[in-house]
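Naming: A, B, ... by sequence-line order, numbering from 1 per chain. Just so it is clear, the model here is predicted, and its values are computed rather than measured.
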Amino acid sequence: MGISRTCQPPASGSEPISAETRLEWYTCMCTIRAFDREIITLNRAGLVAGTAHLYIGMEAIAVGACAAMGKSDLLTSTHRGHGHCIARGLDMGRMMAEILGRADGYCQGKGGSMHITAVSQGMLGADGIVGGGIPIAVGAALGLRLKRDDSVIFCFFGEGAVNQGSFHEALNFASIHRLPVIFVCENNQWALSAAFAKTTAGQSVSGRATAYAMVGETVDGNDVEAVFLAASEAAQRARSGSGPTLIECLSYRHEGHSIFTRQEIRPSEEIEHWKRQDPIERYRRLLIAGQIATVERLKEIESEVRSDAERAVMFAKNSPEPDPATALSGVYE
Amino acid sequence: MGISRTCQPPASGSEPISAETRLEWYTCMCTIRAFDREIITLNRAGLVAGTAHLYIGMEAIAVGACAAMGKSDLLTSTHRGHGHCIARGLDMGRMMAEILGRADGYCQGKGGSMHITAVSQGMLGADGIVGGGIPIAVGAALGLRLKRDDSVIFCFFGEGAVNQGSFHEALNFASIHRLPVIFVCENNQWALSAAFAKTTAGQSVSGRATAYAMVGETVDGNDVEAVFLAASEAAQRARSGSGPTLIECLSYRHEGHSIFTRQEIRPSEEIEHWKRQDPIERYRRLLIAGQIATVERLKEIESEVRSDAERAVMFAKNSPEPDPATALSGVYE
Amino acid sequence: MNSTKAISYVEALNQALREEMHRNHLVFIMGEDVGELGGLFKVTQGLLQEFGSDRVIDTPISEAAIAGAGVGAALVGARPVIEFQFMDFMTIAMDQIVNHAAKLRYMTAGMASVPLVVRAPICAGIGLGAQHSQSLEAWFVHVPGLKVVMPSTPADAKGLLKSAIRDNNPVLFLEHRLLYAQTGPVPEGEHLVPLGRAVVRRAGSDLTVIATGRTVHLALAAARLLAAEGTEVEVIEPRTLKPLDTALLSKSVKKTNRAVVVNDGCRSCGYASEVVASVMEECFFHLDAPIQMVCTKDVPMPVSSTLQKEVMVSEEDVVRACRTALAA
Amino acid sequence: MNSTKAISYVEALNQALREEMHRNHLVFIMGEDVGELGGLFKVTQGLLQEFGSDRVIDTPISEAAIAGAGVGAALVGARPVIEFQFMDFMTIAMDQIVNHAAKLRYMTAGMASVPLVVRAPICAGIGLGAQHSQSLEAWFVHVPGLKVVMPSTPADAKGLLKSAIRDNNPVLFLEHRLLYAQTGPVPEGEHLVPLGRAVVRRAGSDLTVIATGRTVHLALAAARLLAAEGTEVEVIEPRTLKPLDTALLSKSVKKTNRAVVVNDGCRSCGYASEVVASVMEECFFHLDAPIQMVCTKDVPMPVSSTLQKEVMVSEEDVVRACRTALAA
Ligand SMILES: Cc1ncc(C[n+]2csc(CCOP(=O)(O)OP(=O)(O)O)c2C)c(N)n1
Ligand SMILES: Cc1ncc(C[n+]2csc(CCOP(=O)(O)OP(=O)(O)O)c2C)c(N)n1
Ligand SMILES: [Mg+2]
Ligand SMILES: [Mg+2]
């Protein structure tokens, strides 16, 4: 049986968010971090197949947004997709197996970290092309409408994608058709070595929403509840036929761009500044201050998630290499 | 010796615009119309090579904008480029020869109407790809900067191009580098059979400028002086290093999309409404009302330009078919 | 066997779309000017009126989004048929077609299925020039995960398009604009031509001409001309460029021992070269002469008809190539 | 003759860029992460510091605009060298490269000149998967107006890149990421390798192996192995894929009467098929056996190294093909 998390929305969409929901969200954020931490170790051991882009530091976005998703809702992800996968409840064992390129991975070793997909869970796929998933999400929404399916789709992308033509074409397309898409931009300030401020005219992602007559909003991407609230309002809007929303979540990545490209050119003060805004640490303080959980309970959770991550690693390590013969099959139905 | 027009800026950039300048602009607009009218006749006779997109109804944009160009300034054009070429002073004989696919055409029959180019006059080319010229104009501006050349570049495109990724990427690029580009959008409300309002979220081109932290402005594209003023301000801004401007010129085409695709789906009342806004007729009334010219003088001008257009046709008709051997040469330097 | 009726290539395509849209409500059309205008070349004429704007979608000029949206809609089970007004404009959507549509099934070990049909007219002939005249089929044949279809008759246009729409893989469906007006007998109602099957258009024993799309008709004309001189040319049309029915091609070449390949793409790294390489592999020891290739000249397509004539494949070119193949 | 020094392929590329930027102030570099980071694969390392941000431009992630801006800058006389982080991303810029850069000179009867160099690493080998591993050189060889270059040694990397930058046509310059770290003797200073000239990497009389890029090294290894068995393999590298130096290829095949073509692209409509077609045309009557092709398997590139190994061209594949060609 699999190793997975869920991050439910509050029992009813109604405030206040219950204690167990909050703990669930905290647990999920810790799980994502523990999972990606394991990858660092696995990479040192040379076990990762290809590359992996770690989500560490951005956990509140995936958890807050996915908490606003319903069972039948869909999402498209990016090259930095582990957080979305875990928050959506994918099996961490199969995720890790894919990251190691093993037979039990979601893509049986063919896709790796950048292509983890679980169509049955509404996860239409990570994507190795910056901006690649945006028009795909819009098309999925179009398909849902044709099928009279009232699910909505969450489309994740980094701020680096907003200067791609695909972003522009897709948002215009979604807006004119009032499609049920929630565009979630993870603005971690950097696109590999490119600083947001230097490459992006206007220096605001949500500000570009007006160009598409779309609701745009900027939220603290390190505040899981702020992300959740913005995402649920947007989902609400989408479900009620009021069309798409562009949510810009301000956050930061704690690690290098990828395990393949680790060279750091970001100012160390900036990194330190953001690490002090760590979404997990912030939520931890909030849970304790609000007496939603005791330090002991949180410690329990933290060790739970660590052991889950370790189990995922075990599962992956024990998974066999794919059968070489499979390399040449599966191109066509 | 060639058949060409010039549309000079006012002697000094300073107001008011002199009478002879105004007459020159009027003449230039009439010339464009007379030229394109000849194409309709030539097409009936089956003499046009391929297709041609007529500029009739939009003359004030090309004339007003090109009047703001300096000798060394550049421009990129579109599939609907005859107006830009004539206003820039290209030889109408060689233009028409190209449209008929003859040896004396600007491209010796290789390019046709959609590729008329005159690099020596700063006309970097019409373009058969909607949106294709926009990043090219931005790159040209980048090249000028590298060459320490302080010319500016006018980039023309239709409103249908603003939903292309190339528009988005290029405007962002121009803005972050504060490049001397004047983006002139010819919003004639229709992109082939696509209504602007139905395909373009926000329903405003200039409104999208803010997304790129760029000055955006909408002007009456049937008022040659309004276009001129907006264009000269923008050129001024570009020359002074304050970066690009997006000017949306509202206008309309009187003819079908092209001589190849003439089927009309636009409401006839709409067509009639806009024909009553004919930029030439309006300017004519203004010149007479302002006693800048007598009816007789204008009649003279109108017959002058007609004979110029006829001379261009003669030149083109008398131009030989290209030497078949040239078909296989000139791919590489 | 259903009754046939003489209709045009464009009517046959329109019929295929209409029938498949009736058969499956998840089939829909998306593209520039496909609705009210009925498509630049009238292939979607009347469909907006019949099926409504949810299933015949007039799009902005956003080729990348059109293709990307096609991929996304297909991923959730819809069956989009997207139209490009000219194949040249697919250059704007290559990422979506090549990096996504073609690869998703394999990359996800079969979890993702992309039943997408991409239609586009190819080649020149009406003087629209270098940016409106390309036959880039070779690019797509080069990409694992795509199927590539190119009909030359109204009957095949209908039968292949219906099969393409029912196929669960992304299919590139290439139409030749000079064929749109050609008429021919087309079976009414359910008429399916399976993908991956070539056809012998004319039987002959002296020489095999393998031709695609428009050039099939040039090949047949050449064959008639050579027949008058007593040479029997066998004309074979792949119909589906990928997967290629090499068996039928080899069978013919092993019989005739001589071959000519004709294609509207440019020669260099074009489809003709691939056919030559494939035939070579299977028939080398049966070949009495080098295989001749007749392709569009390796230059951008000029506008002037005088020049265009020099660059495009002509019947004379095919005849000449046949004589060379026979003489060697 | 200038003195040589052993440096890596990536250092050789860097040296070529630095020298040409010193030689001509209109040469400039544009691309993602080419500045402060020195390029994803370090080819532009140190150039921002040396030439400043006007000549080494870090761009947004806007591949279409990067290519389009390259065309525009070239049109006004600058000499841009643009970098794509992976060839796969060129799919986003095909319109600018194919419909504009390649065609402008011809379409304007020579008025426009586009001295643009487009650099990109190709192929797989580091497990990045199907969207980061393509060798699409065949697409560009198919397009009239482009030149396509693919060096296999540090010396050629430098000499060909310098020539590409001085060429007045758009040149696609393809680098193999598995070669970046390879070192070899490279002439210092002015060292130009002319475009369009193939080279004999190893002389032999029994069989001609025509190989490109990384596979040249596999071919040489195979040749050494076969030499031990008394078979003399001649290894020829085109270096410039387009225009192809067919004269040198034919000369060799007419001597050996047998040939194998090796290329990192997919087989179907790939570069190998084009080489086969060209050699066939000129050497048919000299061939004793069908030409063998060794290419990347026709599937998207998988991530797992176990699977990747199956799909990529290996030395064993080349040896096997040589034995088949010799046996036939
Ligand atoms: C089209 C394309 N261009 C370039 C790349 C290389 N690349 C991978 S991730 C990345 C930066 C993406 O930045 P952003 O979108 O902000 O996401 P982040 O990595 O910051 O999460 C780049 C340039 C790519 N994968 N796809
Ligand atoms: C990339 C691309 N897509 C589609 C076309 C076909 N096409 C030519 S003109 C045109 C409409 C352009 O509308 P707009 O930009 O508003 O210019 P207008 O014709 O109205 O002057 C279309 C769709 C094209 N030439 N290029
Ligand atoms: Mg980022
Ligand atoms: Mg328009």
Who wins among A:Gly143, A:Gly112, A:Ala140 for the most heavy-atom pairs under 4.5 Å with chain C?
-> A:Ala140
From the list A:Lys110, A:Glu98, A:Arg145, the residue making the most non-hydrogen contacts under 4.5 Å with chain C is A:Lys110
Applying a strict 4.5 Å limit to non-hydrogen atoms, the region of A:Asp149 in contact with chain C is neither
Side chain from CB out, backbone as N, CA, C, O: work out which of these in A:Ile116 comes under 4.5 Å of a heavy atom of chain C, or both, or neither.
-> neither
Counting only non-hydrogen atoms closer than 4.5 Å, can you tell me which residues of [range] sit against chain C?
{"range": "residues 179-186 of chain A", "value": "none"}
{"range": "residues 322-333 of chain A", "value": "A:Thr326, A:Ala327, A:Ser329, A:Gly330, A:Val331, A:Tyr332, A:Glu333"}
{"range": "residues 163-177 of chain A", "value": "A:Glu169, A:Ala170, A:Asn172, A:Phe173, A:Ile176, A:His177"}

Checking C:Lys103 against chain A: side chain, backbone, both or neither under 4.5 Å from a heavy atom?
-> neither
Chain A contacts, top residue of C:Arg79, C:Arg105, C:Lys147, C:Arg55 (heavy-atom pairs, under 4.5 Å) = C:Arg105
Less than 4.5 Å apart, side chain to side chain, heavy atoms only: is that true for [X] and [Y]?
{"X": "A:Leu146", "Y": "C:His25", "result": "no"}
{"X": "C:Leu75", "Y": "A:Ile136", "result": "yes"}
{"X": "C:Met30", "Y": "A:Leu142", "result": "yes"}
{"X": "C:Leu104", "Y": "A:Thr117", "result": "no"}
{"X": "C:Met107", "Y": "A:His115", "result": "yes"}
{"X": "A:Leu124", "Y": "C:Val76", "result": "yes"}

Considering all heavy atoms of both residues, which atom of A:Gly132 and which atom of C:Gln96 are nearest to each other, and what is their separation?
-> O-NE2, 3.6 Å
Minimum-distance pair of heavy atoms, taken over all atoms of A:Pro135 and C:Ala65 = CB-CA, 4.1 Å
In terms of heavy-atom contacts, does NZ of C:Lys251 have more than 12 from other residues, nucleotides or ligands at under 6.0 Å?
-> no
CZ/C:Arg18: more than 12 non-hydrogen atoms of other groups inside 6.0 Å | yes
All side chain to side chain contact (heavy atoms under 4.5 Å, CB included) counterparts of C:Ser163, not counting sequence neighbours = C:Leu192, C:Leu195
